[in-house]
Structure formats: C-alpha cells, structure tokens
Amino acid sequence: MPLSLLKYGLSRDYPVTGDIPATPDLKRSYDVVIVGGGGHGLACAHYLAKYHGVTDVAVLEKGYLAGGNTARNTTTIRSNYITPEGIAFYKEGVKLYGEMSGELDFNVMFSQRGQLTLAHTEATLRSFHLRAEMGRHMGTRLEVVDQKGVEALCPRLNMDYGGPLEVLGGLWHADGGTARHDAVAWGYAREASRRGVEIHQRTTVEAIDVEKGRVTGVVTDRGRVAAGAVMIACGGANYEVAKLAGVELPIRCYPLQAMVTQPLKPWLDTLVSSVSLHTYLVQSSRGELVIGGGSDPYMSYSTRSTLEMKEHLAEGAVHLFPFLKGVRVLRQWAGTTDMTPDYSPIMGASPVDGLWLDCGWGTWGFKATPVAGKRMAETIAAGKVPDILAPFALDRFERFAVLNEMGATAASH
Amino acid sequence: MSAVYPLSEAGAAGDLRDRLVAGADVALADLTPWPRFGLKGAGAEAWFADRVDLPEVNRVTEGAGLRVLRLGTRDIMVLSTDAEGSPVQPLRSAWEAAPQSYSSWREETWAWLRLTGPKATAVARRLTAFDLRAAAFGESDIAQTRFAHQDGVLLRTGDGFDVLFDIASTAKVVTDIRAAIDREEVFG
Amino acid sequence: MKLLTCPMNGPRNISEFQYLGPVRLSPNPEAASDADWAGYLFGAPNDRDFQREFWRHTPSNYVFVAERHIGTGEVRRTYDPGEME
Amino acid sequence: MSRLPPPYGSRIDRSRSLAFTFEGRRFEGHPGDTIASALAANGQWMLSRSFKYHRPRGAMSFAGTDANTLVQVGPEPNVAADLTPLEDGMEIAAQNVNGSLARDRDAVIGRFARFLPVGFYYRTFMGPTKDAWLKLWEPRIRAKAGLGVIGADAPDIAVDKATWHADVAVIGGGPAGIAAALEAARAGSDVVLIDDQPALGGHLAYTPEAGAVGELVAEVDGAADIRVLTDTICTGLFEDNWLALARRDRLIRLRAAEVVLATGCIEQPAIFHQNDLPGVLTAGGVRRLMHLYGVAPGRRAVVYAADPEGYRVAEELRAAGVEVAAIVDPAPGAAAPEGMRVVAGHIAAARGVSHVTGVEVGGEGIACDTLVVAAGEVPAWQLPAQAGAKLGYDDATGRFVLDLETPGVRLAGGLAGEGATPVGAPPMAPHPKGKDFIDFDEDLQVKDILNAVKEGYSELELVKRFSTVGMGPSQGRHSALATARLVAGATGRSVGEIGVTTARPPTAPETLGALAGPHHVAERRTALHREHLRLGAEMRPVGAWWRPYLYGSGDRSALIEAEVRAVRDGVGVLDVSTLGTLEVRGPDASAFLDRLYTMAHATQPVGKVRYCLMLNEMGTVIDDGVAYRLAEDRFYVTATTGAVPRVYADMAFWNAQWRLDVDVVNLTAGFAGFNITGPFARDVVAALDGDIDFSAEAFPYLTGRSGQVAGVPVHAMRIGFTGELSFELHCPASRAGDLWAAILAAGEPVGLKPYGLEASRILRLEKGHILIGQDTDALTSPEELGFGWAVSKKKPFFVGKRALEMRRRLGSTRKLAALTFAPDAELPGESCLVLRSGAPVGHVTSVAHSPTLGHGIALAFIHAEDAEEGRRVAIRARSGRMVEGTVVGHAFYDPQNERQML
C-alpha cells in the first residue's frame, strides 16, 4: 500500500481535498468564458491558468461536470492517423497523456498497453502500411505485423484462417492506450479551480452576444456575463451553441454506442479492433470488457441505446473471440458525436472575433483532450492560431482544403 | 445445352444439396429452376394488364398455373406454380418488342426457395424480423424484406413461404435456413 | 429497433433502410459562388427539429422522403419524392 | 440437509437428486433448485468474496437481483447462483478468491479499508518513478481485477435468436401481469406473457397464499391467444416497443403494439454495520427459500420490520419452525404479536465473522443465525425508465414513484404503486466501524458516499462515477435508494430531486452469444464456383465473393508468372462474373448516365462501348466502368465489384431527385462474364458457334455486339484490362456453364489458360490501369489521375462537376504517376512514402515486379512538379532504404496500345 494513503487511515476525519469546488455565483464579467465543462473545456482552462496566467475564466456546464462525451467515450488514446497534420497533433496528445498524472497530481491511469488493429482485407492492410509509413516518418511507434505477429500480440484471437474474415495482419500501435476518462476531467477541473478558474455546473448558455462582429458575452439561465473571449467546446451541442453566435458549423450529430460486460479476470492486454467488423474491445482495469464500434447509421441527438447496435457489437466480439459467447453484458450506453465532413476537428477562429472553436470532435475527442486544451489555451491567450492547429481551421471547407482522414476513425475511436 | 442453377448438381451451391429438407414438420425445397419472368419500366403494367389479372403493389394474384407478383407500380413478375411452367413460357415469348418494358432478369438474379410445413413459421421467425402473423401477412401479401440476412421477397405458400433472394448467396442462405431448422429442433 | 413506415412497403424495422441524409437543395451550379457551393456540399441542417431526409428501402430499392425529428426521433410523415414540394 | 416438509418447496422435485460440487466439495440438491438454494439447503451460505475487501458474501434475496451471488460454473464465469437452475454434475467455484473461499488471503484487505477511501486510486500509485503506474502499480492492480475466469477452452455454446410479434406484451407473471394478460386476451389481442421465473405467479408463489397461483395459471393456459415465456428476462425496452427477451442462450426480439410492465418491486437492504454478512436475508429471500425451495433459513431469526411485511414474515418463520428471537421495529410502541418480542429501534450491527451470529439493537445483543430485513421496496424502475418514465419519491412509503406517459406502454401492479406501505426510513449516519454497506458489488460504505459529496462530487452522476456506486453487476438495484437518500441529506435536496442515474439496458445480464446470434458471414459464389474448384483454383474471398486467386498448386510465384505469360504470349481467360453489371434503360437512360458519369453518353452511338468515370459531389473519383449502348434506350453498364451495391443505390437516390424516366436493374449476380485476352483471343472467339462476327473489321475496339454464342445469349464487348486483344463475353448466369465449356473447348487448340486474380492485377499494372480505391483515395480528382480526357467539357452538369471546377482553380500538388525501377533495384512496398526534400508528398499505390518487362513497376502519387517523363523520385522502402523510381509518361507495356487494337 502506497504511503500517500496513510493520511486517510491515520486521521480521525476524512481529510477533504475538495476536488470539485461548489458552483459559485456568476460574476458579471470574465476575461474568458468557456462554454462546455467537459474534458476539453476544463483542460483549456487549466492550461490558460497555469501557463498563460489567464485565471479570470468561467467554465459553464449545462449539466454535471464532464457528463457529455467525456463521460461516455471508451477512452482510446492513439496517434495512428494518416495525414502529417493529424499525426503531429495526436502525437502531442499521447505525449501529454504520458505526463498527465504528474501534471495534475491526480492518477488518470494512463494505461499504455498498445492498440492492435486487424486487417481482414488487402485494402485494409494497404491502408495500415500507409499509416505505418507516415507514423514512422513522424516518429510514432507504429508497425504492420503479419499473421504470426498478430498471434503473438493477441494469442487468443480467432484468426479465421481460410475464411472470409481471415486476419491478414495488423497495425500495432505500441503508443496506444486508455485512461480513466472521468479522472482526466476531474484532474483538470481541480487544478484549474485551484488557480482561480470558476466552474459553473448546471449553467446553460442561452445566447451569445455579438456586436460588430465581435463576441461580447453570453447570456445564461443564471444571468448575462460579459466576456473578452468565448470558447465553444460542447461536444454534441457544438452545432447548436455555435449557432447562438450565428455561426453554422458543418457538423452532423450521430449517436455512438458502447457497452461493457461483467468483470472478468484480465485476459486481454491490448486494445483490439477490427476495421471490417466495426468492433473493438479493451479490458478495463476493473476487468470489464469495453466493446465499441461504429456510429449509428442515421443522424440523431438521441442517446437512447439500441438493441441492434448491441447485437452488432456482440457479433463482432464473438467472431474475434468465440469463447466469449457465455460472457454477459452489463450495461450499454450512447453519446452524441459531432461529425465533420472530413472526420477531423474544427479548431481555431470562427467568423466572429473573439469566439474560438474547439468543435467537430466526432468520435475521436477524448484522445485529444490535453493537446486541444493546451493548444486552444495558447490560441486564446495569444489571440492567434498556432501552426499546429492551422490545418483544422473552419474555413478549410470553403477553401476545399479538407483533410484526408476519411476512414481514419473506422472502428476505433 | 441447359441452364444450371446454384443447387443443381453442377451448380455453385451443388455441394449443399443435402441441406435441403423434406421432413414432415418442415421442408426446404429449391424452386430456382422453375420458370418465372418479369418486366419493369413504364410499359410493364400495360403489357401485363392485357394478359393477366394484375394485383395491387405488394400483392399476389393466382390462377391458371401462374402467380402474378406486383413488386412496384412498374415492376411485375409471374412465377410458375410448377416445375414445367407452361403458362410462363408463352408469356415470355410474346413479350419481345413491347415498348418501354424491360426484363427484370429476376430468373437470373434470384434464387427461389420454398420453406413449408407446420414448423415453417417457427423456423422463419429465426430468419426474418418481419411480422409473419396472419393478420399482418395475409395469403395474397408480398413482403419485400430481409430474410436470412438477404434482401428478398417473401410470399405465403400454403403452410409456409416462398423466398426469392440474391442467387449468388444461395449457398449461404441454404446453410442459414438449415441451421435455423436445426435450432428449431434444439430450442423449440 | 425503431420502425419506419415505407410509403410502398409499410412499417418496417429501420435496419431494412439505408439512410441517405438530409434533403439538400442544390443552388444553381452555374450561378452559385464557391462559398455557397461549399456550403451546399459540407453544410447540413443539424437543428433539433424535423428534417426532410431521403431513405431507401433496400429490399425494394425504393427511395422516399421522411420527415423525422432528429431530437425526439418522431417521424411525422413519409412520402414518395414525387410529392416533394 | 435442512429442508422443510411439503407444502414448502413448491418448486423442487424431492423424488430426484442432483449431485454437484462447490469448491471441490460434493453436494446434492433437487431439480427445481437454484444453485444457491441447493447450497443453502446444505448449510453453505457463503458464495463469494466481495470485489474490494474480499468479505464473505452470500445470497440475500434469492431473486437474481443481488450482488455477490456470481459463481463460476465450469468454464462459465459470472453465473448468478440464485437464479440459475441446478443441473446434475455442475462443478461450481467461488470467484474473486485468493486461496479458498473459506480462507481468502485477500480478506486482509478489509482491515486496511480506512486507508483506502473512496476514489483512493486517483490519489496514489503515481510514484516513486515517472512510469511507476504503468510498470509497477497497474500490473498489480490488474491482477486483482475482475471476477470470473474466461478460458479459451470454453465450450462452444449453441445460441438462438428469433423475432416475435404481438399485440400486447406483458412483462411480469405475477398477479398484476396475469390479470393484464387475461384482460388483453379477452379483448381479442394476441398476447405474450413473460416472466423471469420458471413458473408464473410472481410474489404470490412464495407466500402462504401460493395456492391461488394454480387457478391463475389455469386461466392463462386456457386463453388461446397467450403465449407464455417463463425463465425469460426482458432485458431491454427499446424504441417503438422493441423488447429484448433473454432466455438463457436465446434472444427473442419482440415487437409489441402495447407493453404492460408488471415487474414488481425490488426489496432494499437495511444499512447497519456488517449488513453484508451471509445469513442476512431480505423478507422475500426468506420466503423464496422456504416456499419455493423448502429450505429453512436457520434456527433462530431476528426480523427487522421497518416495513410491516416483517411481521408477516415473522409469523411465517414461526409457522415453519424457526424461532423468532425478536422483531426489531423502528417505529416506537408497536404491538407485539402473541408470543413474540418486539424491540423498538434500529439494528446497529450484525455480529459474526463469516455468518450472522447475532445483532446489536440499542446496545443489546440478540443471538441469532438469521437476520431477516424488511426495509421496504422500490419499484423495478429500470424498464419503465427505459420507456421514458419520470422518477419521483414518496416520503410516506419511502419508495420511488414512477410517472409514465409514453403511448403504448403502461405500468401495472407494484410498478404502478400498488401495495406500497409506510416504511420507517432507516438511519443513514455512518457507523463508527464502517462496514455499513450501501453497495455490495463495490464494497461502498455510507462514509464513501458522503466523502464523495464532500470532495465536490455532489451531483448524483458524479457520486456514481467517483465512488463507482451502482456500477457493478447488480447495477444499483440495492444501492440506488440509499445513495439517493444519502446524497439528498448531504446536499440539502430532496430524494426525488436526486433520483437515480440513467437506467441503461440490459436490466439483467444477457450473454454475448445470444446477442450475437448464430454465426453469419456473408459469402457469395459465382455460377462457376465449383468449376474453378474442379480446375484446381485456390479460391480467396474478395469482399463477400469467392474468386480464383490462381490455378494449380506448387510454387505460387511461378504459377502466377505462367498465367501472366499465357496472356502475353498466347491467350487466357478470366472469370469476371463478380464485376458489377447494371442495365440502365428507359427513354431518359442516356440523360441519366450523362448526369451520373463524367463522359458524354447521349451522343454515344448504339453498339459503342464508352468508359465511365463516376465522381462524388466533392469531385472525388469513386468508381469507373464501361457503358455499352445496347439500344437507344438501353445501356449495359459495369461498375467495380466492391462499389456496385453503392452505385446501384446511388442511382436510385439521384433519380429520386431528378425524376427521369429510367429503370435500373442490378445484374451483378445474374450475369456471368469472361474476359478472353491475349494475342490469340480472336482465334478462340471466332471458333465459337454463333451469330457474332468477331473479325477486326466487324468488331472494332470499344464496341459491343449482342447475339448468340454457343447457343447462349451474350453481350460481347471489345474491352480489356490487360492491354492485349480482348473480348469480354457476358451471359445470363444460368448459362455460364455452357458458355465457359464452349470457350475452353474453342481455346484448347491455342492453349487457352484460365488465370486468376493475382495475374490479373499484374497484367493491369503492366498496362498502367488504375484500380479505384487502391490507386485513388478519398480526395483523388480526375486531374490527379491524368484523366482529364475522361471528363466532358461540354456537359452542363454531372455529379461533382462544380466541385471539380473549384478544385481545379485551387490546384493540386500531387499526381498519380507511373514509375519504373532498375531491374535489380529494391522495390518499395505499397504505401511507401514518396519524399521530396525529406517531406512526404505522396505514396506508392500499386507495385509489382513485371514478369513481362523484367523490372519493377509502380503507380504512385508524386509531387505534381515531378510528373514529367524521366524525372526521378525518391521513395523510402519498407527496409528504410531510399530507392529511386523513374517517371514514365505512358503505359509500361505496349505504350502505343497496338496490341489491344489488333
């Protein structure tokens, strides 16, 4: 037992740390208002306060802290993207995850046990090679493994030799992993609030005030606040919130579902995903198998689970690991993803001065939490977009400078 | 010179012929070689209207060795009610140059299986999510739906069903139906 | 499983259908500015409201229009594209 | 054995015995027993060790809703012992045990509980070194995680899945459910009645009034339109009344026009020190044990009667011969039943180490071996909540109340509030010694919930996430009410305001196997599948299709090279039946193709074959093929194998908007096709009987002819992928055997050789033909492919035209180029990067060693400025070494295209 726990056993009363401060009264004005108290918004607040000295910040959260996609995602962290722009960005994200527990003095349980993505077709294998080559060029740990390599990394996998879903090879991403999603948000919230950032739960933004092309404040259900800058980081609500400022984002919302099984003694070390089966599995530190896959097939804001997605995920899981047939599902859930046309986020400036966007995170936002927070903080503090974010600008669509990450998220978030 | 269909001896799924069933509770038969003929296009309705008793969309009319299927306003098809199909061939020969009517080619693109017997419905419930209760799916109804993982057409035939579906998937469909028959025996 | 009522085939599980996305009205390609055309290509109504959408019933290959509320899921009406105003 | 005599034990068949083992010890039970009831009958109450502190645990409710009843049965993990029927020969083991169940070495963890406060893992395990978590702590924590063990040797389980429909589905076979089912059946509805127990009756079945069950069941049996599903749990209620019914390894999906929920209530535990000890039972648990399984819970019981139900249970215990040492009633001044003692107050603690030995009430100790808890119930809110019910709280009854307004779903019985009685709310102050458990799955005590709130996790969802309350296998059934009360008290809000966390399916565990259903993977066969096998083909899956990869066995590269040479030097035949084929017909057919493809088809003469290039609206190339104009109003159009389902769907989609008079059929499965290619191709086709003139004059390149060949109706086209003289014959699939046999016979004199997919890929690459999807990606424009020639400049509209114009103005920095390599050079692999000044500018899309040319050839995206003949580009091979390719401005093989024009 680590010594750091001694204080709990030795003190008479539980020594309260006060991770999450109670929601204070709203002030009339802040330098920065962040709309959305999820991982991204809280991370941005932390970096603003700690590294840029910007502490007059309010994070406004409609529901409870980090209750949107931060709470619902399946926590994959990876950087095995295709474009140099994407890899550079997500690689920094993985690095920041490695440092996060120390940065926040809060154990986010970053578990870097690697990600193995399976190819059942030659086309998929070809795309893996492209990722591996790009990854190698950009300095990430990424390699294509053959059938023997797959067997070595995941000995209990059904290779389906000679069958229609034969595993032809895999993409081994040693940097891939998971982290405890809630802890990431709480750690950022705790650190940000210690430096003076105010976190307002149950505070809904109802309007965004824009005067002469510049944002001046937001109207909430608890009153109006003036703001020097406003950042939108609301996950599934990004489209609607941006529209309050007259900005129409090229975003469509789709539900994304996942499920967990009852706890089992650990047997699966890596995260395993299959592009063809649209299924991935990872075993959590509680022993539960977390199983996810593709988005629902039609646009919706509904977070009601469907039986058909659960059946589909079970089918994929049982194909990959036939001995799981008797394992029981414990819980399924859904979140709302904000998908962009090129499967890449929208970060940086909006047509409204002082209104910054951290949107379009679709199914891949969790892994970017620290890097998006850090770089958006840099953006807001300096009032301009750093180079690493430039490719993700909103205006890329009208410039036709879309990013070639289509398919990059297939079956693995 | 002869036509070869998947479940014929030399056909693509010929190795699975023993999975067809001729039991008392349930039978699965291959009718793919039975004659059938269909037309699509703006002229299809007019051409058939002169020759057969045309049903409404998604309904069947039956008589004189033919079943007439209306799969769409401009999509009409006739199925033989026996292996010889004598009334189908003359219809087909008569078609040739009718304006704006085009072969629907379903005798080539579709396989045709028949699942019958007292347990046919119990088996079919394992293969389709479509509501098979008599009140929802009557004698003369057509269901264009999914059956055994395939898009297809489902008809009522006596105490069972005819199903027409992608001919290239015959081997898989026969395997899946046979597995459902086996599961009916195990699980009831 | 949600039900969707095909105007030709009646109510069916929504998995029998292919979602073809919101009905988007193309501006005149010859007259539209690049920005307008990009807006047509990449933009989409995403409001929590009824939307007109194209759906295809795959077993019958029939495409139709549905008015579906993307917040509540309610389908108000389905009809043949020929009836679209 | 402590069995009670009949009529106790209505469910067991005493005439037969079943032998089984638990933890290696041999036991006997009866058919009708659950695993837990059989063990209890043998005095074995402890079933498991708890998740965190490894405390002894057993069944409390015998209702399948508990935590801590999960056991390992042979290879099957996490089996609910109090729900699963006992079977002969079962080998049962406890889970989460280090050592043995009785002497669990990890039980020592419980002593350190005070050092392990709620959420402790967020505050530690980060040192001493930088990667200590990953290297040191995580592996140790992982080793302690999980419950049951899953082995790869788990036997295959037969699973079943079906879909049912009904007018009315009634969930819950108790009195309320049976009444609802009978009423619906009388009104003429087709009813399915579902219950999770082996027999109908609900709570009636385990009361002294159980006799009434028989009459109810007889009435149900007599109703023609009621289908009864017992042993079946409704695990989810989804949109439009789509129900998941789990029946062991079966999943029944049921669509019902109307759903009646009558699943009753869930008993709640009371909160006191050591409230988790085996021997602590709920009132319902005791009743089930006695009435259903004929098991006496012990010899001497204390009954905690916060709910008046406790008094009735006390009477039942006495009637069964169990001494009732005391009734503990939180309400002061309650009248004692005759011959019983009532103690006013709350239970402070249970005594005992691995089983209850007594209780502490108001400073008094009362010895007992059974502690029965009647502490109130909550309606089973999970299914109603999934249906959209709102949850409130009634202070008088201490219950959650449900308000459901969703059309097509209604509540009956306990869910509708029937039978609720006032309950004395138990105290919620933490016991000084803790072990006053709120959540038995997660070993959470009162103080854990309160401390979570103190840390700022004051919203219920945050309490849940920080403490993990409700996240274990019992999913909050026993913890939700107590948690809500604690959080309400600590935050000054009402219990109703706090409520419960979102109820998510499944309401009870369902197996992955049943959800997945019988194994299915799509597979398609061409008409000649068995013929290829006969010819010795190695078949490989390509998408859903099985295709010949090569013919023969032995040295594979030699076989493939021989197939390539046969085409170049003689003649070969490839089965192209999987090629997408469509017939597009109607008065507007050519106008339709003009809108869909980039080239002009309105002006295409009948009998001509024209290349087709399809773009999406972004101007990206998504498919190609050819269109053969059969008649003014008929085209035979090909599409790539993988894309044809989408092309066919897109055609329907676009025409829903364009409203042209056109009809499309997808002939892919219905038409076979054979490409006869090589210098002697004409010798083969000319030798076939038929009415088509295959001479060079009568049948020029890029034309089509339809007629009879070998008695088979065919469309013949002079097109090819190999660069050689080629004829492609397409025929109805049912006649493919005849045509194929005729072709093989006609080709025999000139050595015709069937070839497979791999040779075909090399042949096409030698000719520089692209494969959409391999040599293109999600943004490839026709210009980048050098396909400007295939894009009409005259047409006012085609899909993607406007975007293409925009992209043209913006320019592109890459081009797909043909590259050659020195004969002995190392070849880059597919997807290797093309570097320019060290930066990636493109990648290799296709590469092969050309048997015909004797050197390596590739297609690659390179920088547009390098796309001139003779330029050299740098590529990093898989080995990491840099290799050089030389740009050629033409097809590698036969640059003048003379051979295909023969």
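Computed from heavy atoms alone, side chains included, the values below leave out hydrogens, waters and symmetry copies. Convention: sequence-line order gives letters A, B, ...; per-chain numbering from 1.
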Answer with side chain, backbone, both or neither: which region of [X] has an atom nearer than 4.5 Å to a non-hydrogen atom of chain A?
X        : answer
D:Thr468 : side chain
D:Leu147 : both
D:Ile157 : both
D:Glu510 : both
D:Gln72  : neither

For this session: Name the region of A:His120, side chain, backbone, both or neither, that has any atom closer than 4.5 Å to a heavy atom of chain D.
Result: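 A:His120 has no heavy atom closer than 4.5 Å to chain D.
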
Problem set entry | Pair D:Arg540 + A:Glu122, salt bridge at N-O below 4.0 Å |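 Salt bridge: yes.
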
Exercise. Are any of the side-chain nitrogens in D:Arg878 or A:Glu143 under 4.0 Å away from the carboxylate oxygens of its partner?
Worked result: no

If you tally heavy-atom pairs under 4.5 Å against chain D, which of [options] wins?
options                                : value
A:Arg202, A:Arg399, A:Arg156, A:His129 : A:His129
A:Val318, A:Val16, A:Thr121            : A:Val16
A:Leu289, A:Thr261, A:Asp105           : A:Asp105
A:Glu308, A:Met134, A:Glu166           : A:Met134
A:Glu315, A:Glu133, A:Arg126, A:His319 : A:Arg126

Problem set entry | For A:Arg190, side chain to side chain donor-acceptor pair (under 3.5 Å) partners two or more places apart | none

For this session: Please name all residues satisfying side chain to side chain donor-acceptor pair (under 3.5 Å) with A:Thr17, sequence neighbours left out, ordered by chain then number.
Result: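 Per chain and number, A:Thr17 pairs via side chain to side chain donor-acceptor pair (under 3.5 Å) with D:Glu455.
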
Problem set entry | Main-chain N/O of D:Arg504 paired with A:Trp333 side-chain donor or acceptor, under 3.5 Å |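 No; zero donor-acceptor contacts below 3.5 Å.
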
Problem set entry | Donor-acceptor contact present, side-chain D:Arg807 to main-chain A:Phe400, <3.5 Å |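 No; judged by distance alone, with no hydrogens or angles, the pair does not exist.
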
For this session: Just do the side chain to side chain contact (heavy atoms under 4.5 Å, CB included) check on A:Val329 and D:Leu512 with the steps written out, would you?
Result: CA-CA 7 Å; A:Val329 173; D:Leu512 286 173; 3.6 Å; yes

Problem set entry | Side chains of D:Tyr122 and A:Arg180, donor plus acceptor under 3.5 Å | yes

Seminar exercise, completed: Tested for side-chain contact (heavy atoms from CB on, under 4.5 Å) against D:Phe466, the lone hit among A:Ile20, A:Asp19, A:Asp182 is A:Asp19

